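Here, residue 1 is the first one in the sequence, and each next residue gets the next number. Just so it is clear, the model here is predicted, and its values are computed rather than measured.
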Amino acid sequence: MRKRNITNRILAVLLSISIIISAIPLTAYAEEIQEEDGIDTTICENILPETLPAGAESSAANIRTVNDVISQIKFAYKGNGHSFAAEQGNDFIDKIKGKNTIVIGDDNAKNGADRLIINRDGTVISIQDKYYNNATASIDACFDTSGKFRYIDGDGNLMQIEVPKDQYEAAVSRMEQKIIEGKVPGVEDPAEAKNLVRKGNLTYKQAENLAKAGTLESLTYDAAHGVISAGGAFGISTVLNYAVCRINGQDREKALKVSAIEGVRTGVGVFATSVIASQLTKTGIMNVFKPSSEALTRALGEDFSKVLLKAYGQRVLADTGESVAQSATKQAAQLLRAEVLVAVVTTIVFSVPDGIDVFRGRISKKQFIKNFAVTAVSVFAGTAGYGVGGALANLVVPGVGTVPGAIVGSILFGLGGGLLADKIADYITDDDAEEMYAILENQFAQLCEDYMVNENEAQNIVNQFSENLNSDMFKDMYQSEDREKFATDSLEPLFEAEVAKRAKIEAPTEEEMRIALKEELEGVVFVH
């Protein structure tokens, strides 16, 4: 029970962090005040948005998340899912320790290694992971039906057998017995058992927990991978948004600040997406998409499947009895399922702040639906753009251009899809911001009349007010009970401050008035 409470707290912390940082108001609405009474009150309406849609940036960064999800699909296999989790978990921990390791067990080679450790001197250690519920079973699984040790690499060297950390001593004893019985080729000294058996980084129970959703081990593993994905997302988002800010005329200091915070926001969103998608994968949820994804890849053909796999750095791995084409389409279907899951989770994660605003009454339901639709289109367009960009770039620069082209394609498709969806949605319904802006416009015109401001004064007020005009103000205004009063209260202090700058006017004396009238009326009437 205590362990479950710790797990729930960790989940709550992860989701809370993602919600809080994602909810930071960063993107200002586009503002435009009509030119009225000869006063040019246009602030600026750029072709590009002030910051990029998060979906466009996250799609490019989610390649690692998709690959992480694919590597964890087997975790949900009944009976032996924990064995695949042990391979990935031990490999990841070795990487953290600074070792150069590779998981190769997915190649389905008979009696092949599960993973490799490449030493600095170029030598390679082949490892076979055996995670059974007791040491005897873990070691006995390494011998064929005739009783001979079956894990030997291409150079004739015996592979190391990696067993659960808590089974190591008993596993060594069992291997010593096998050596004494002459079951291990080329080994006669029982003491060699310690070199043949490798202590895993995980216990058997930890491997089991790693394969399950909601456990401390699986959350820690997914969070560690999520941090890596988030780092990539932060870099992409920061660079792109800095460029957009500068194009839109912002100075360097403000562009750096906005792009850095937007990078953090996108990074946290990708982190949450990575953790949640990985946790869902462990439940076997992706089996829901299996029939449709396999039908689609069969229809699109082998070439499409190979290009898609290449864009994500996946190899075509043929199972026994399968042709290369069959294996490619099957793996591509698996990749599509992972893409769909990650895209759905991404859309939901980046829509959480809007959901909170609906609950708090800061935006309308129609605004939430519109924002959700734009985010979804941006994410799915970016996902599609990854495959298209990779395919086109592969035609231009075979092999080398695939991944760069995929990333560029993801960003362009995501950005274009989001902007197009936003424009289409504008034809269907107005934003909450536009409705609030109309109120501000009316109150501004009324105050101009009340305070009798001139052209220069009105322009100064607009310039001052535009600095505070952002999405957060519009949401506060939408939430207020009296929106006209909110608008007046926001504008009136600026009018008073501007009027206070006027020079004081003293009333003319009686003598000054007499002289002025005498000069103007001389020759018209006689003035005593």
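- The two atoms that bring L202 and A85 nearest to each other are CD1-O, 4.5 Å, heavy atoms only.
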For side-chain contact (heavy atoms from CB on, under 4.5 Å), just list the numbers for L210 and T215, CA-CA rounded to whole Å, side-chain angles, deciding distance to a tenth of an Å, and then say yes or no.
CA-CA 7 Å; L210 185 58; T215 64; over 6 Å; no

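- Looking only at distances, no side-chain donor or acceptor of T266 sits under 3.5 Å from a matching main-chain atom of G263.
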Is there a side-chain contact (heavy atoms from CB on, under 4.5 Å) between L308 and L336? Walk through the geometry before answering.
CA-CA 9 Å; L308 184 63; L336 285 178; 3.8 Å; yes

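- Looking at K97 and N201, their side chains do bring a donor and an acceptor atom within 3.5 Å of each other.
- Judged purely by atom type and a 3.5 angstrom limit, T238 has no side-chain atom pairing as donor or acceptor with the backbone of G235.
- Pairing each heavy atom of F271 with each of G226, the nearest pair is CD1-C, 3.4 Å.
- Looking at H225, Q279, Q88, K282 one by one, the single match for side-chain hydrogen bond (donor to acceptor under 3.5 Å, both in side chains) with Q72 turns out to be K282.
- Side-chain atoms of Q443 do not come within 3.5 Å of backbone N or O of L440 as any donor-acceptor pair.
- Between F84 and S71 the shortest side-chain heavy-atom distance does not fall below 4.5 Å.
- Between the CZ atom in R337 and the OG1 atom in T297 there is a gap of 8.5 Å [rounded to 0.5 Å].
- By the 4.5 Å heavy-atom criterion applied to side chains, M286 and V69 are counted as neighbours.
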Given Y451 and E492, is the side-chain contact (heavy atoms from CB on, under 4.5 Å) satisfied, shown in steps?
CA-CA 10 Å; Y451 283 86; E492 197 162 31; 3.0 Å; yes

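- A donor-acceptor pair is defined here as one N or O able to donate and one able to accept, closer than 3.5 Å; no such pair exists between the side chain of R265 and the backbone of G269.
- Between the CG atom of N67 and the OG atom of S229 there is a distance of 9.5 Å, given to the nearest 0.5 Å.
- Nearest heavy-atom pair, L280 versus V345, reported as atom, atom and distance to 0.1 Å: CD1-CG2, 3.9 Å.
- Of the inter-residue distances, the one linking F289 atom CZ with L296 atom CG reads 13.5 Å to the nearest 0.5 angstrom.
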Audit row: Q446, D450, side-chain hydrogen bond (donor to acceptor under 3.5 Å, both in side chains) steps and yes/no:
CA-CA 6 Å; Q446 183 61 48; D450 292 344; 3.0 Å; yes

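- Residues T281 and A76 approach most closely at O-CB, 3.8 Å, considering heavy atoms.
- Centroid-to-centroid, the aromatic rings of F444 and F495 come within less than 6.0 Å.
- No donor-acceptor distance shorter than 3.5 angstrom exists from the side chain of S278 to the backbone of V275, with no hydrogens or angles considered.
- Looking only at distances, no side-chain donor or acceptor of S274 sits under 3.5 Å from a matching main-chain atom of V270.
- Taken to the nearest 0.5 Å, the SG atom of C448 stands 6.0 Å off from the CD1 atom of I461.
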Check the pair K205 / N209 against side-chain contact (heavy atoms from CB on, under 4.5 Å), numbers first and verdict last.
CA-CA 6 Å; K205 187 63 178 178; N209 288 339; 3.9 Å; yes

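- In this structure, CD on E457 lies 8.0 Å from CG on N460, to the nearest 0.5 angstrom.
- With rounding to the nearest 0.5 Å, the separation of CD in Q206 from CG in N90 is 9.5 Å.
- Residue-environment remark: NZ (K485) stays at or below the threshold of 12 foreign heavy atoms within 6.0 Å.
- The backbone N or O of A211 lies less than 3.5 Å from no partner atom in the side chain of S218, so there is not a single donor-acceptor pair.
- Under the 30°/60° scheme for interplanar angles, the aromatic rings of Y221 and F75 are found to be tilted.
- For the residue pair D94 / T101, no side-chain donor-acceptor distance below 3.5 Å is found, with atom types taken as modelled.
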